[in-house]
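What you see below is based on every heavy atom in this structure, not just the backbone, and it leaves out hydrogens, waters and symmetry mates. Here the structure is a predicted model, which means the values were calculated and not measured.
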Amino acid sequence: MLRGRPVRLDPIAGKCVLIADGRRVEGAACAINVEEGDNPQVFGFLSAPYEVLRTAQLARRVQVELGDGRIIEIGLLQVHATGIALIALRRELS
């Protein structure tokens, strides 16, 4: 932890639904760290078949629906052939 910068991590993990340009894909899984403090960063990982992730990476609007029903917008930063994507949240979780 950096001095003067209070940090709280609020991890979210589990099954989610990937929504790319309105098309829902069941069976994805996500792990997201929500870091709060002076300069919050929200990032995580998304797991789904590689072809699904590549298609989502090219989509105009990408979201995930969490198990509790919240829908959040994400950006896929990097997609790996193993079916793992590094993601960034486009807005804070509420």
Side-chain angles (χ1 to χ4, degrees):
M1 174 162 54
L2 299 174
R3 231 172 252 217
R5 181 177 178 223
V7 174
R8 186 179 127 240
L9 293 179
D10 185 14
I12 298 169
K15 294 287 184 188
C16 62
V17 177
L18 176 62
I19 307 167
D21 288 336
R23 182 175 166 252
R24 298 172 60 86
V25 179
E26 303 281 339
C30 59
I32 302 168
N33 263 336
V34 180
E35 180 182 308
E36 296 177 354
D38 296 337
N39 298 309
Q41 297 178 2
V42 188
F43 54 90
F45 294 95
L46 178 66
S47 174
Y50 175 73
E51 297 78 20
V52 170
L53 294 175
R54 279 296 290 154
T55 300
Q57 191 175 32
L58 300 173
R60 288 181 179 233
R61 185 173 188 192
V62 183
Q63 302 166 299
V64 288
E65 182 177 344
L66 303 176
D68 63 6
R70 287 181 289 176
I71 297 177
I72 54 175
E73 293 209 30
I74 63 167
L76 280 77
L77 303 175
Q78 183 69 40
V79 173
H80 192 269
T82 58
I84 296 287
L86 175 62
I87 62 172
L89 275 63
R90 297 204 181 272
R91 61 186 166 124
E92 292 295 323
L93 288 171
S94 52

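- Counting heavy atoms from C-beta outward, Leu46 and Cys16 have side chains that approach closer than 4.5 Å.
- Proximity of Val42 to Ile72: side-chain heavy atoms (C-beta onward) are nowhere separated by under 4.5 Å.
- To the nearest 0.5 Å, the span separating CD1 on Ile74 from CG on Leu18 amounts to 6.0 Å.
- Looking at every heavy atom in both residues, Gln57 comes nearest to Leu77 through NE2-O, 4.0 Å.
- Taken together through direct or relayed side-chain contacts under 4.5 Å among Ile, Leu, Val, Met, Phe, Trp and Tyr, Leu66 and Ile87 form part of one hydrophobic cluster.
- Phe45 has its side chain within reach of Leu86: a pair of non-hydrogen atoms, C-beta onward, lies under 4.5 Å apart.
- Residues Leu76 and Leu53 come closest through the heavy atom pair CD2-O, 3.6 Å.
- Note: Glu65 CD to Cys30 SG = 11.0 Å, rounded to the nearest 0.5 Å.
- Atom CZ in Arg70 sits 14.0 Å away from atom CD in Gln63 (nearest 0.5 Å).
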